[in-house]
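This report concerns only the one structure given below.
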Amino acid sequence: MVPNAVVKALATPAQEVPSGIRRVRADVASRKGTGVHVAIIDTGIDTSHPDLAANIAGGFNCSDGPSAAFQDGNAHGTHVAGTVAALDNSLGVVGVAPQAKLWAVRVLDDFGSGSDASVICGIDFVTSKGPANGGPIKVANMSLGRRGVADKACGTQNNDPMHAAICRSRDAGVTYVVAAGNSASDASTFVPAAYADAVITVSALADSDGAPLSAGAVTEHAADDTFALFSNFGSVVDLAAPGAAILSTSPAAKYRTLSGTSMASPHVAGAAALFIQVNPTATFQQVRDGLKARGERLGQGHTDPFSLDFEPVLQVNGI
């Protein structure tokens with residue numbers, strides 16, 4: 001397992017609304033994710049970061065053996081967490097759901113690597129904290145993946161324990177949002193992206209100005225408001241979200257920009273928290289379909305010059 005991100009640059013801004021937050025219209029959304037708990041299954045989270053600390057609800061470490069040491073030694077998980085739920089304060093950035101609570105589930109080590117066993121450990125921890133088991137976690141983000149295929153039957157036909165674990169977690173009331181991957185390939189050949197019966201899979205939009213209609217400058221990864229060239233694609237993908245040069249939190253009270261479907265996925269995880277705030281008993285399918293129905297259709301604000309059957313682009317205003 002590896003994180004689906006590419007480092008671009010460091011930045012230490014005064015508080016601003018990142019372009020990705022503006023592009024999905026989270027900055028004008030009336031909901032803030034209040035009371036919804038989101039698990040970040042990743043490299044951990046810097047729980048002392050001033051833009052995150054007040055939203056940390058707990059965590060678990062599956063990377064080096066179960067312990068309380070779920071701190072981020074890599075920076076990837078902290079960046080993902082900020083896009084979901086950085087505080088709306090006087091510092092740095094703001095997330096899609098700035099009043100949601102975060103759980104740091106460390107399954108990848110300081111080098112961003114992890115085994116299926118460590119990832120399954122993290123999924124099982126989230127399941128134990130899911131609504132069906134009396135816990136608060138209703139959303140989980142997985143900005144990671146590897147090559148693999150799915151059987152469309154929760155892993156029962158091809159003996160896939162990670163697929164089975166996510167299905168158990170789904171059935172415990174947790175909505176999973178996952179990155180499509182960064183290989184410019186069919187996402188159906190990567191897992192967990194291919195688990196269409198259990199996850200919301202997210203591709204990356206290249207956006208340079210935080211606004212629709214392709215009026216911004218060309219990005220490093222594609223023209224403004226087009227499909228990011230690195231992003232995986234295909235029928236298993238449900239939504240697109242900004243994933244090019246995304247500004248978010250980094251350990252030691254810093255901020256940086258990263259690119260990848262890892263950065264697109266937490267925009268949707270934050271949106272899932274907003275949806276669940278309004279619809280607290282919503283199933284995974286209802287969250288997925290509700291967000292897709294609100295998405296920006298092709299030609300409404302983005303184009304598809306590569307003919308990749310572009311999925312709807314996330315829009316959260318009006319949830």
Side-chain angles (χ1 to χ4, degrees), residues 2-8 18-26 79-80 83 96 141-145 147 177-196 199-248 257-272 288-289 291-316:
V2 295
N4 287 315
V6 179
V7 178
K8 173 58 180 172
S19 61
I21 303 300
R22 288 184 280 116
R23 184 63 179 83
V24 303
R25 304 195 71 196
H79 194 281
V80 168
T83 297
V96 174
N141 186 86
M142 295 179 69
S143 288
L144 50 78
R147 288 278 183 179
V177 183
V178 308
N182 300 334
S183 298
S185 301
D186 190 332
S188 67
T189 62
F190 290 79
V191 294
Y195 300 156
V199 304
I200 301 171
T201 299
V202 185
S203 64
L205 173 77
D207 169 73
S208 62
D209 61 357
L213 301 175
S214 305
V218 174
T219 78
E220 180 181 358
H221 302 291
D224 184 40
D225 293 315
T226 65
F227 202 79
L229 292 173
F230 57 76
S231 181
N232 287 353
F233 52 84
S235 61
V236 300
V237 181
D238 298 296
L239 285 161
I246 300 301
L247 179 66
S248 189
T257 60
L258 297 178
S259 296
T261 56
S262 278
M263 287 58 255
S265 182
H267 287 89
V268 177
R288 178 196 62 199
D289 295 347
L291 294 180
K292 289 176 69 174
R294 289 169 170 78
E296 175 188 284
R297 279 0 194 217
L298 185 63
Q300 293 179 341
H302 63 281
T303 58
D304 185 18
F306 308 110
S307 300
L308 294 174
D309 296 323
F310 215 154
E311 42 278 352
V313 172
L314 178 69
Q315 298 285 281
V316 304

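Along the sequence shown, residues carry numbers from 1.
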Keeping [X] on the side-chain end and [Y] on the backbone end, is there a donor-acceptor pair under 3.5 Å?
X	Y	result
S208	D224	no
N232	S185	yes
T261	A264	no
S143	S262	yes
S231	A204	yes

For residues 240-247, which side-chain donor-acceptor pairs fall under 3.5 Å, sequence neighbours excluded?
none

Approximate separation, where rounding is to 0.5 Å, of [X] [atom1] and [Y] [atom2]:
X	Y	atom1	atom2	answer
R294	L314	CZ	CG	11.0 Å
N182	H221	CG	NE2	9.0 Å
F227	L205	CZ	CG	9.0 Å
L258	M263	CG	CE	4.5 Å
Y195	S188	OH	OG	13.0 Å

- Message: Under a 3.5 Å cutoff, is there a donor and acceptor pairing between the side chains of S203 and E311?
- Response: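 Side chains of S203 and E311: pair found under 3.5 Å.
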
- Item | Step-by-step side-chain contact (heavy atoms from CB on, under 4.5 Å) determination, D207 to T219 | CA-CA 7 Å; D207 169 73; T219 78; over 6 Å; no

- Message: Applying side-chain contact (heavy atoms from CB on, under 4.5 Å), can you list everything that pairs with A26, at least two apart in sequence or on another chain?
- Response: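 side-chain contact (heavy atoms from CB on, under 4.5 Å) check on A26 returns I21, V24, V96, V316.
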
- Task: Could you tell me whether the side chain of V177 reaches within less than 4.5 Å of the side chain of V202, counting heavy atoms only?
- Result: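 Yes, side chains in contact.
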
- Item | By ring-ring contact (aromatic ring centres under 6.0 Å, His included) - contacts of F190 (at least two apart) |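 Scan of F190 (ring-ring contact (aromatic ring centres under 6.0 Å, His included), adjacent residues dropped) gives none.
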
- Query: How would you list all residue pairs meeting salt bridge (charged side-chain N to carboxylate O under 4.0 Å, His left out) that involve residues 225-244, not counting sequence neighbours?
  - Reply: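 Output for this query lists R23-D225, D238-K292.
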
- Message: Listing request: all side-chain hydrogen bond (donor to acceptor under 3.5 Å, both in side chains) pairs with a residue in residues 298-307, at least two apart in sequence or in separate chains.
- Response: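 Those involving residues 298-307 are E296-H302.
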
- For S265, side-chain hydrogen bond (donor to acceptor under 3.5 Å, both in side chains) partners two or more places apart: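 Checked S265 against side-chain hydrogen bond (donor to acceptor under 3.5 Å, both in side chains); matches are N141.
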
